[in-house]
Amino acid sequence: MDVTTIINSLNDAQRQAVTAPSQAMLVLAGAGSGKTRVLVHRIAWQIKVEGVSPHSILAVTFTNKAAKEMRARIEDLLSISAHNLWIGTFHGIAHRLLRRHAQQARLPETFQVMDSSDQLRVIKRLLNTLNIDEKQWPPKEVQWYINAQKDEGIRAKHCVEAGDTHERQRLIIYKAYEELCDRSGLVDFAELLLRAHELLRDNADVLEFYQKRFKQVHVDEFQDTNTIQYAWLRLLTDGNDNLFVVGDDDQSIYGWRGAKIENIYSFQQHYPNHQVIKLEQNYRSTCTILKASNKVITNNSGRMGKELWTDAGDGDLISLYAAFNEQDEAYFVVDRIRASINEGCLRSDNAILYRSNAQSRQFEEKLMATGTPYIVYGGLRFFDRAEIKNALAYLRLIANRDDDASFERVINTPTRGIGAKALDEMRNIARDQSVSLWAAAILLINQRSMSARATNALIGFLELIKSLSKEVEELSLDEKVKCIVHKSGLIALYQNEKMDKGEEKIENLEELVNAAKLFEFDKDNEEKLGEVDMFLSYAALEAGVSQSEDSEDCVQLMTLHSAKGLEFKQVFLVGLEEGLFPSQQSVDDTGRLEEERRLCYVGMTRAMQLLYLTYAESRRLYGRETYPRPSRFLREIPAELLQEVRMRATVSRPVSAVQAKSAMFQAQSQYKLGQRVHHAKFGEGVILQIEGEGAQERVEINFKQVGVKWLMLAYAKLDVL
DNA sequence: TTGTTCCAGCTTTTT
DNA sequence: GCTGGAACAA
């Protein structure tokens, strides 16, 4: 293996980071500076040059996508299978540790991972049994509180008793929730992390084992780690000085869910021998885009300090469009996107980024109306869909009859005459005798206290699960799922539902069977799990095949948060208005406002070639017309880097203003209406219309061969005939 | 058990 | 102004 393949493609700073001797290292990597590249090459370097066994390397990311990408790139670079390399998300790694050491973590071998909606259900049920009013204690808030405590590493027993009644009540709920989860072997996301931390903290032998095993520990997006994640990393690397972290304080946008930028500062204290390397050369954007982004982010205080630069040219100015309203904003954006597509851009070269999900609708409508394929990221994930959760609950219940959450979920889905009353009875029995709902159901039947009809319905359900268990025993995973989905009556249930919706659900269930078929079961997995359990964990920890992963070329719509880590040729950053972006809730809190500003920075630095910023002068919000002021972030961009696409003074008379403007541009343009031109690809044609100015100037041409097209003059190389 | 009506709420989101 | 959930009636 030639070392040069690992370091040749790197710049000086990158190479320095990759080839540094083992020590604590903080790589401050600006947007588009090759962050993942450094991580991948660092790991490759350690394996190939330092002779570290892949077995001794740990790499932690935040998303499954990032983990997958990193693994693929390492395999690609080294042409080896990175199979025994531990690369995963914090949650995935924690899960693995807990499976391997369930006993020492004081968990049952069969513990189940809950996702957030499972957690919410459990909390609702808990409040119910505690006779606590949901009005006074919104389950969402309780969930938020519990997770926040766990993210800080705080157990109920650590909280100081006393305080006001509200405080005390909250603690009672937290405590009861912990007990309930322990009793039924349920682990939520935050618990995975906290438990994994406690496992290492309280078991010297386990800790020593992993400290010895992991010669090198790498962390991606370090600025997004929360208290407990960082504490866990410190335990793991304690005394070894082998923590290699990559992050960007300017891209920390998850403070609201517990991420601590401070971890970057603490790192420097906790690892006194550390080295800091800044990656400031940007390989993504034009100089103009970088200048503007740098300028915006300098308004934040307490930065580590970092300024991106590039070899690339200035590129086009940033376009600013003041829309009349949100409709007009959408028209403008879609119009520009279509123009770029006509010019040969891929649809997926275009991204519309917004602050909040609700904003996507206008753009969707306009894209739909023009027949432009698009994809909206975010929203409901595959394994979060109700029909999928129902099917998985059957699968769970068959694997483990004491899984109360699953039991409750499917006992009357589809409806089989077991109502709230019977269920209440079972819950009471289960609580009084500390048994599972399944056992309680059997006791209830034997009591003969219910009507014959209810009893029979209950017996029917238990028999169904029993017979399904038997039937499914010998089948392959996908056949199991298929059988369960049909025999449980789920398919029949959705067939009777109102046409369109039910059909989609059935399709999703079929997709689930397909996912089971494609699921690669690793027999020698380190967690020592069976195939079904492995699949269930996968369902809980991975987003899964997001909404029909059509690889069709699509315009990309997403929130600024989900755009992190991505890049696009053309970016439309929309809704730049006070109250929307920055959001209303953050304007009077400096800390939160700075996070909004980082979000803006993230958004701007996604753009490779062209950046459009738009805002609306009037916007319907919650049914009311609002007249927001342009976002303060716009004022932070130097005017010389901006070009206004529409004069603000023309608001009152939009129609005539546009006409006047187009007349004005026609006069300036080097092209004239009716002029004959030649295009390299489309051949000869005649100019029908001219619009825009500067980089945005575009013309409509009637080509002899290919018909009428809109072309951006900045791209199109036209010869006047 | 199902359908209707009424009412609150409404950033960002991965695991 | 719309959506989802809960409460209620039939």
Side-chain angles (χ1 to χ4, degrees), chain A residues 60-67 88-96 113-120 124 128 134-135 138-141 143-144 147 150-151 187-194 196 220-221 224-226 228-229 252-259 326 353-361 377-381 383-384 386 412-421 457 493 496-498 537-544 546 558-565 575 579-587 589 592-593 595-596 598-600 602-603 619-626:
Chain A
V60 200
T61 64
F62 275 85
T63 66
N64 289 300
K65 199 174 148 204
T89 61
F90 275 101
H91 294 84
I93 303 277
H95 175 250
R96 189 181 260 195
V113 179
M114 289 188 284
D115 65 25
S116 7
S117 55
D118 295 331
Q119 186 187 25
L120 194 63
K124 277 186 185 166
N128 225 302
E134 284 195 14
K135 285 261 156 47
K140 276 247 172 72
E141 269 171 35
Q143 181 180 30
W144 183 259
N147 288 339
K150 290 188 178 185
D151 283 346
V187 174
D188 60 51
F189 286 137
E191 183 74 25
L192 281 172
L193 302 175
L194 181 51
D220 191 16
E221 307 274 19
D224 288 337
T225 50
N226 63 30
I228 201 71
Q229 286 163 335
S252 159
I253 53 175
Y254 287 108
W256 51 275
R257 82 180 183 210
E326 75 279 358
L353 308 182
Y354 35 79
R355 177 67 241 264
S356 72
N357 279 311
Q359 286 169 261
S360 76
R361 249 195 43 206
Y377 287 90
L380 209 50
R381 274 181 304 285
F383 287 115
D384 275 347
N412 209 26
T413 317
T415 51
R416 41 175 75 90
I418 306 172
K421 235 178 96 189
L493 170 71
N496 292 333
E497 233 175 65
K498 288 207 180 85
S537 301
Y538 165 80
L541 290 170
E542 303 240 0
S546 58
M558 66 192 84
T559 62
L560 286 158
H561 282 90
S562 30
K564 192 164 82 158
L580 195 62
F581 187 33
S583 76
Q584 194 55 53
Q585 295 91 325
S586 40
V587 287
D589 178 322
R592 297 177 72 180
L593 187 67
E595 182 152 312
E596 296 281 310
R598 291 194 291 270
L599 198 52
C600 182
V602 167
R619 180 181 295 272
R620 278 187 105 85
L621 216 57
Y622 307 137
R624 270 228 302 272
E625 206 74 30
T626 59

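Remember, predicted model here, so these are calculated numbers, not experimental data. Each chain gets a letter, A, B and so on, in the order the sequences are listed, and its residues count up from 1.
- Nearest-nucleotide mapping onto DNA chain B: of A/S583 and A/R416, the residue sitting toward the 5' end is A/R416.
- Atom name P, nucleotides C/dT3 and B/dT12: the rounded distance is 15 Å, in whole Å.
- The phosphate of B/dC10 (OP1 or OP2) has no side-chain N or O of A/K140 nearer than 4.0 angstrom.
- Distance CZ (A/R619) to C1' (B/dC10): 15 Å, rounded to an integer number of Å.
- Within the structure, every side-chain polar atom (N or O) of A/R624 is placed at least 4.0 Å from both OP1 and OP2 of C/dG1.
- Going from atom CG of A/L580 over to atom P of B/dT12 covers 10 Å, rounded to whole Å.
- Nucleotides C/dG4 and B/dT11 are separated by 15 Å at their P atoms, to the nearest Å.
- No donor-acceptor contact under 3.5 Å links the side chain of A/T559 to the base of B/dT11.
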Residues A/Q143, A/D188; criterion side chain to side chain donor-acceptor pair (under 3.5 Å); working and verdict:
CA-CA 10 Å; A/Q143 181 180 30; A/D188 60 51; over 6 Å; no
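- Between A/D151 atom CG and B/dT13 atom C1' the separation is 13 Å, expressed in whole Å.
- Applying the 90° criterion around 0 to the glycosidic angle, B/dT11 comes out syn.
- Note: CG (A/L621) to C1' (C/dC2) measures 12 Å, nearest angstrom.
- Listed nucleotides B/dT15, B/dT14, B/dT11 differ in distance to A/S356; the shortest reach to its side chain belongs to B/dT11.
- With rounding to the nearest 0.5 angstrom, the CD atom of A/E542 is 10.0 Å from the OG1 atom of A/T63.
- Looking at heavy atoms from C-beta onward, A/I253 lies out of side-chain contact with A/L560 at the 4.5 angstrom threshold.
- Taking for each of A/H91 and A/A358 the nucleotide of DNA chain B with the nearest heavy atom, the 5'-most of the two is the partner of A/A358.
- Between A/R592 and A/E595, no side-chain nitrogen of the basic residue sits less than 4.0 Å from a carboxylate oxygen of the acidic one, so the salt-bridge criterion is not met.
- Residue A/K564 contributes atom NZ, which lies 11 Å from atom C1' of B/dT13 at whole-angstrom precision.
- Across all strands, A/Y622 comes closer than 4.0 Å to base atoms (heavy-atom distances).
- At least one side-chain nitrogen or oxygen of A/N357 sits closer than 4.0 Å to the OP1 or OP2 atom of B/dT12.
- Within the structure, a side-chain polar atom (N or O) of A/N64 is placed less than 4.0 Å from OP1 or OP2 of B/dT15.
- Going from atom CD of A/E625 over to atom P of C/dG1 covers 10 Å, rounded to whole Å.
- Relative orientation of the A/Y254 and A/H561 rings is tilted, given thresholds of 30° and 60° on the angle between their planes.
- Residue A/R620 contributes atom CZ, which lies 5 Å from atom P of C/dG1 at whole-angstrom precision.
- Among C/dA6, B/dC10, C/dC2, the nucleotide with an atom closest to any side-chain atom of A/R361 is C/dC2.
- Evaluation of A/Y254 against the base of B/dT14 yields no stacking contact (centre distance < 5.5 Å, interplanar angle < 30° required).
- Listed nucleotides B/dT13, B/dT11, B/dT15 differ in distance to A/R257; the shortest reach to its side chain belongs to B/dT13.
- For A/W256, taking side-chain heavy atoms from C-beta onward, the closest of the listed nucleotides B/dT11, B/dT15, B/dT13 is B/dT13.
- Contacts of A/E221 with the nucleic acid, taken as non-hydrogen atoms under 4.0 Å apart, are absent.
- Candidate nucleotides B/dT14, B/dT1, B/dT12 were compared by shortest atom distance to the side chain of A/T415, and B/dT1 ranks first.
- Whole-Å rounding puts the A/Q585 CD to B/dC10 C1' distance at 9 Å.
- Separation of atoms OG1 (A/T61) and CD (A/E221) is listed at 9.0 Å; rounding is to 0.5 Å.
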